[in-house]
Amino acid sequence: MADPIITASGLTKSFGATAALRGIDLEVARGEVVAVMGPSGSGKSTLIHCLAGVLAPDTGSVAVDGTELTALSADARARFRLERIGFVFQFGQLLPDLTAVENVALPLLMAGARRRDANERSLQWLDRLDLADQAGKSPGDMSGGQAQRVAIARALAPQPSVVFADEPTGSLDSVAAENVLTAMLDVVRESGTTVVLITHDARTAAHADREVIVRDGLLSGTAPVGAR
Amino acid sequence: MRPAAARLLLLNGAPAYGRLAGIVAGVAAGTAMMLVLLGAFLHLPEREDRVAWLTPDGDYAQFDASDQMIPREPQSDALLSATLVDVFDGRTFDGLALAVTPDTTVTMPADIAPPAAGEYYASPAMIELIDSVPASQLGDRWGTLLGPLPDEMLRGPSHRAVLAGVDWEELDTWSSAVVQEEFRTTGPNSASATFRIVVAMGAIALLVPMVLLISIVSALGAAERRERLATVRLIGAGRRAMAILSGLEMAVASLAGALVGVGIAAAVRPLAAQLSINGSTMTVADVTTSPAWTAVVVLGIAALGAGTAAWRAYRDDVGALGATRERAEKPVTAWRTSTLVAGIVIFAGSTAAIRWIPNSATTWQYPLILGFALIAFGIVAAGPWITRRTSLALGARTSSAAGVVAAGRLGRHPRATFRAVAGLVAAVFIVSVFAGGSSAIAGESRVVDAEGMLATDTLVTYLGDDDDAQALAEAVDGIEGVEGAAVGWFSPDATVSGVVFAADDARAIGAIDVPPSGLVAVDLFDMMVGPELSGTDRPGVAEASDADPTALEPSHLLVLTDGSREAIETARTAIVAEASSSLAPSTRVDMEVRGAADVNNELSVMAYLGMGIAIAISALALSVASVAAMLERRRTFGLLRLGGMPVRQLRQTIATEAAVPLAVTLLLSAVLGFAVAGAVLESLSDDLSLQWPDPRYWLALATSLAVAALGIVGTFSAVRRSTELESTRFE
Amino acid sequence: MDRSLALLGLMSTGPTHGYDLKNRYDAIFGAARAIAYGQIYSTLARMIRDGLIEQVGQEPGAGPDRKRYAVTSAGRDHLAAWLREADTPSPDLQTNLFAKTVLALLLDDDADALLDLQRRAHLARMRELTHAKAGAALLDRLAIDYALFQIEADLRWIDLTSARLTDIDEEVRHHG
Ligand SMILES: Nc1ncnc2c1ncn2[C@@H]1O[C@H](COP(=O)(O)OP(=O)(O)OP(=O)(O)O)[C@@H](O)[C@H]1O
Ligand SMILES: [Mg+2]
């Protein structure tokens with residue numbers, strides 16, 4: 001691959017007796033949108049958590065944007081996530097006590113932005129996702145689709161290198177899902193951000209540049225680490 | 001709903017049992033405290049009645065046209081008595097001088113015989129003291145010991161009192177002696193009103209943190225519980241059913257707690273009775289409530305618990321059925337300050353009434369206590385509103401992520417966040433009240449030797465009409481440690497005020513600017529109280545007329561000692577045994593002691609004991625609340641860490657969430673506490689005023705803050721552990 | 001579904017004769033419509049002509065159902081190529097893919113891989129359509145959405161099948 005932004009090789013991860021990942025090699029090109037598919041419990045979430053430096057794999061290595069994550073301490077990985085990585089989950093990721101604009105501003109403030117700048121940039125991002133009128137609302141008072149778009153704005157606002165999304169439209173109906181997804185991908189394609197997107201939904205996956213299928217902790221068609 | 005379903009619903013798993021156990025324990029401790037304090041409150045008047053005999057109430061002597069006292073004839077159906085003011089080694093004790101005829105028909109409590117002249121009764125604590133020193137220092141003051149005073153005549157085991165028999169004719173000459181028909185067994189109870197107010201305030205002071213602790217414990221696992229209740233409502237339980245169920249649960253838990261509390265109260269009573277109130281420890285009976293009162297308290301607590309729980313469950317709209325989103329609290333409004341305002345108004349009103357309407361303390365004590373209670377609870381009620389106001393200001397200004405998260409939480413959950421620190425805020429209020437109160441004592445000046453002042457080891461005796469000054473002076477002369485005696489006379493010249501001494505004697509007792517010889521008039525009052533109180537620059541000495549000393553009437557006998565206890569007490573005993581006065585000879589130090597010191601000292605013991613308990617309970621409440629709050633927000637914190645928030649910033653968030661409500665309400669409660677103390681002192685006592693608090697107060701404040709800091713820091717290690725990304729799942 | 005390929009697949013497990021072949025075919029694929037003897041024999045004859053199978057002997061007695069047939073290596077290659085080839089979306093797809101899956105299981109081939117192959121092909125097609133949709137007029141987009149839903153339905157069936165492969169395997173072996 002010409003310019004891989006994510007390079008993972010030989011990833012394994014077990015939780016007690018459960019082998020969630022059994023040897024995964026994966027490269028993702030800069031600016032690529034990759035869909036991760038596979039049955040429930042196959043290890044998709046575990047995979048992106050390893051790629052994002054949330055979990056440390058048992059064996060194998062992950063490099064994101066030139067940084068070898070497996071060599072970093074937990075705190076250094078937290079710092080790395082703050083600066084380079086955005087997350088979107090299925091639901092419930094917004095802080096219920098904060099307004100939309102505060103939620104979006106939060107990662108900017110964590111990274112040391114001034115309050116005024118952070119607010120301004122957050123409002124811009126909300127506007128890009130068609131949420132200007134929701135800025136002062138709290139997540140509890142929004143629809144699921146609106147809340148997801150706020151979550152996307154929050155993930156994108158710090159301009160990360162990679163956005164990881166775990167079923168970002170999983171709790172929405174097909175129309176809302178489509179809207180949320182296109183809103184996200186439009187912005188992402190424009191800025192050249194890399195996206196790794198877990199989905200069960202083929203129509204969602206069809207928006208990606210390519211898909212990888214995870215089955216039993218392996219990418220489909222590959223053998224476990226020990227059996228190579 | 002069937003019992004099985006109810007059990008499934010309410011007693012689901014270890015946390016539910018932990019919660020119930022917490023409620024039972026909290027209610028038990030609260031009940032025990034309440035029973036003991038209520039017992040003391042109820043028995044105080046009765047206790048004061050027991051010692052009514054110490055303050056005789058009868059007819060003073062009449063004077064004839066030439067200002068001569070008309071002697072009172074001995075009567076067999078009356079008694080003549082006078083309060084004894086006496087002191088030993090710096091500690092005052094109560095006493096009564098009593099005279100009856102040999103054929104008296106007057107009866108005494110517990111059927112003891114009235115003491116004849118030269119005989120006395122003493123309380124057990126007094127007998128112990130008498131026996132511990134040579135008779136010449138104490139026991140000889142009143143003659144022969146007849147036996148102990150019965151319990152019916154004492155405040156409690158440590159009460160020191162004597163009842164001394166005196167010859168009727170001699171006692172008749174005492175200006176303070178009164179004739180009574182019978183031995184007094186009920187008093188006016190004005191003394192007990194003050195102490196009742198203090199006890200009631202103490203009870204309220206301790207109950208506030210206790211109630212808070214119980215409410216914190218019962219809110220444990222609220223989120224998870226609310227989810228379960230929502231599910232149960234979803235499958236068909238009505239609001240009423242839920243209310244009844246919650247009420248029953250709480251009724252059983254608080255009834256169990258209250259019953260355990262009755263047991264605890266019985267166990268701690270002997271300990272509580274050791275507390276000194278108004279000059280003595282108490283008997284166990286003095287802090288015991290009657291079975292009827294006990295039943296009222298137990299049932300009242302159970303009913304209150306059940307009622308509140310049922311009402312809460314009924315009111316608590318679980319939201320869209322089945323929805324389990326975290327919901328914001330109902331907004332708090334400025335109405336929350338109404339209790340506080342009402343409390344301040346009532347309190348201020350009743351202190352003013354007590355101050356300006358004479359003898360009204362007995363009636364106005366109840367609104368006063370009510371006002372105090374309203375203020376104490378009012379601070380706690382207003383806390384969430386203040387917290388919310390502050391968080392809005394903070395949220396708009398802060399530039400740190402921790403600040404924004406904390407402000408969001410404080411703004412949307414002001415009740416929950418304030419509840420964590422409420423106990424401490426209430427404790428600080430109480431501490432400030434008591435510190436303010438006891439500052440009045442701490443502020444009193446120490447008695448020290450100074451130029452121009454009477455030496456602290458000099459005994460001053462006020463001589464009665466019949467006393468032979470010369471004989472008394474000789475009586476003390478041979479005592480070891482006595483360095484001399486000086487007789488003072490009434491000034492023969494109306495234009496010269498002061499006590500007249502021979503110049504040498506004046507110099508000996510410490511007067512300055514004394515002429516070489518002759519008679520001088522010394523302002524003895526100035527020399528005793530010092531220039532600050534008397535208002536003069538320095539004790540003055542005036543030259544008195546050259547009259548013949550032997551023609552003057554003696555007024556004072558001053559005995560100079562080496563300051564040793566033996567010398568002072570032996571001299572005092574010698575004079576008391578001879579002289580006819582209700583006022584025992586005393587040094588400047590003794591005079592100070594006769595002020596409010598004893599009473600105030602026990603007030604401050606009670607105050608600091610109260611503080612200790614309040615702070616301990618609050619510390620417990622704060623740590624329980626912090627840990628609970630953190631566990632409930634595991635997911636939020638996990639998300640923040642996932643997004644890259646450093647653990648340090650998470651800790652800042654938690655610290656901010658506790659520090660903001662604490663900081664703003666702490667100041668308020670300290671100021672209010674001092675104001676309340678000032679008002680109480682103003683209205684209840686004439687000679688005490690508010691002072692800058694002593695170091696113990698700052699120590700208590702520092703302890704509170706340290707306790708708060710510890711409670712918060714204690715959760716820090718849990719922050720990292722409980723938000724560990726391995727243990728939180730995000731989908 | 002191409003019945004000849006299904007028969008070819010069934011014969012790949014070992015030499016067999018016409019009567020046995022019909023029974024097995026009906027048990028596994030005959031849910032909708034049983035196959036007639038006549039069709040079996042005409043298909044066998046055509047496959048012999050094309051060199052995909054050969055006769056390997058005759059059991060005692062007379063009649064066409066006494067002859068035994070086996071798959072030639074050319075036949076095996078033909079079958080493998082078919083199994084490894086993804087179908088384009090069409091109404092026939094389900095029966096075809098079903099046959100392929102069952103045969104793959106029977107032949108101990110990788111049925112998962114086969115389904116993944118199909119999934120990828122479908123997703124590629126959906127991607128094309130999604131891409132086209134972005135620039136299309138509204139009415140065209142409706143048409144494209146229809147096509148997308150059709151393919152999605154296939155994919156869902158594939159997901160379901162792949163989730164149940166173990167059960168299907170047991171069932172097939174029971175009849176095979
Ligand atoms: N923290 C954990 N502790 C124990 N087991 C875990 C943990 N996280 C994941 N697992 C296990 O690892 C396996 C893979 O889980 P993972 O969440 O990655 O699946 P997934 O592909 O994301 O599933 P889904 O599509 O249902 O979200 C599962 O068997 C799961 O039970
Ligand atoms: Mg998952």
Side-chain angles (χ1 to χ4, degrees), chain A residues 15 44-46 48-49 52-56 74-87 89-99 101-103 105-119 138-141 147 151 154-155 158 160 164 166-167 170-171 198, chain B residues 223 319-320 323-329 331 388 391-392 394-414 416-417 629 632-633 635-650 652-653 657 720-721 723-731:
Chain A
F15 299 102
K44 303 182 296 294
S45 299
T46 308
I48 66 162
H49 285 167
V54 173
L55 294 179
D75 285 341
R77 276 183 293 157
R79 187 84 216 157
F80 182 83
R81 286 199 300 276
L82 180 58
E83 284 164 1
R84 306 283 192 77
I85 288 174
F87 288 99
F89 299 105
Q90 187 166 347
F91 61 82
Q93 57 207 298
L94 298 178
L95 301 198
D97 297 334
L98 303 184
T99 60
V101 66
E102 285 170 336
N103 261 296
L106 204 57
L108 303 175
L109 294 173
M110 277 191 226
R114 307 244 329 248
R115 186 68 189 269
R116 181 192 296 263
D117 302 341
N119 271 358
S138 73
D141 304 334
R154 184 173 73 183
F164 290 96
D166 196 341
E167 304 264 9
S171 60
I198 295 181
Chain B
T324 54
R325 271 186 199 170
E326 194 188 6
R327 297 178 328 129
E329 294 170 358
R388 192 177 132 75
S391 79
L392 290 181
L394 172 76
R397 272 176 199 83
T398 178
S399 229
S400 78
V404 170
V405 176
R409 164 90 177 160
L410 291 171
R412 308 245 313 168
H413 300 272
T417 43
E632 282 198 358
R633 295 202 301 146
R635 190 185 154 75
T636 300
F637 288 161
L639 271 168
L640 288 170
R641 271 193 80 181
L642 186 80
M645 192 184 231
V647 174
R648 185 174 42 81
Q649 286 190 20
L650 275 185
Q652 270 173 24
T653 306
E657 284 171 9
R720 186 183 279 273
R721 230 181 315 113
T723 60
E724 212 52 86
L725 295 168
E726 302 268 349
S727 66
T728 326
R729 302 267 294 138
F730 300 95
E731 303 294 344

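These numbers were taken from a predicted model, which means no experiment stands behind them. Below, chains carry the letters A, B, ... as their sequence lines are ordered, and counting in each starts from 1.
Options B:G643, B:G411, B:G408, B:A407 differ in how many heavy-atom pairs under 4.5 Å they form with chain A, and the most are formed by B:G408.
Residue contact with chain A, scored on non-hydrogen atoms closer than 4.5 Å, is absent for B:R648. For B:A396, the part sitting under 4.5 Å from any heavy atom of chain A is the backbone (N, CA, C, O) and nothing else. Heavy atoms of A:A113 lying under 4.5 Å from chain B belong exclusively to its backbone. At a 4.5 Å heavy-atom cutoff, the contact between A:L106 and chain B is made by backbone and side-chain atoms alike.
Summarising the geometry of B:R412 relative to A:D97, their closest heavy-atom pair is CG-O, 3.5 Å, with the distance given to 0.1 Å. Contact between B:L642 and A:R81 at its shortest, heavy atoms only, is O-NE, 2.6 Å. Of all heavy-atom pairs spanning A:L98 and B:V404, the tightest one is CD2-O, 3.3 Å. Heavy-atom minimum distance, A:M110 versus B:A401: CG-CB, 3.4 Å.
Here the side chain of B:T636 pairs no donor or acceptor atom with the backbone of A:L95 at under 3.5 angstrom.
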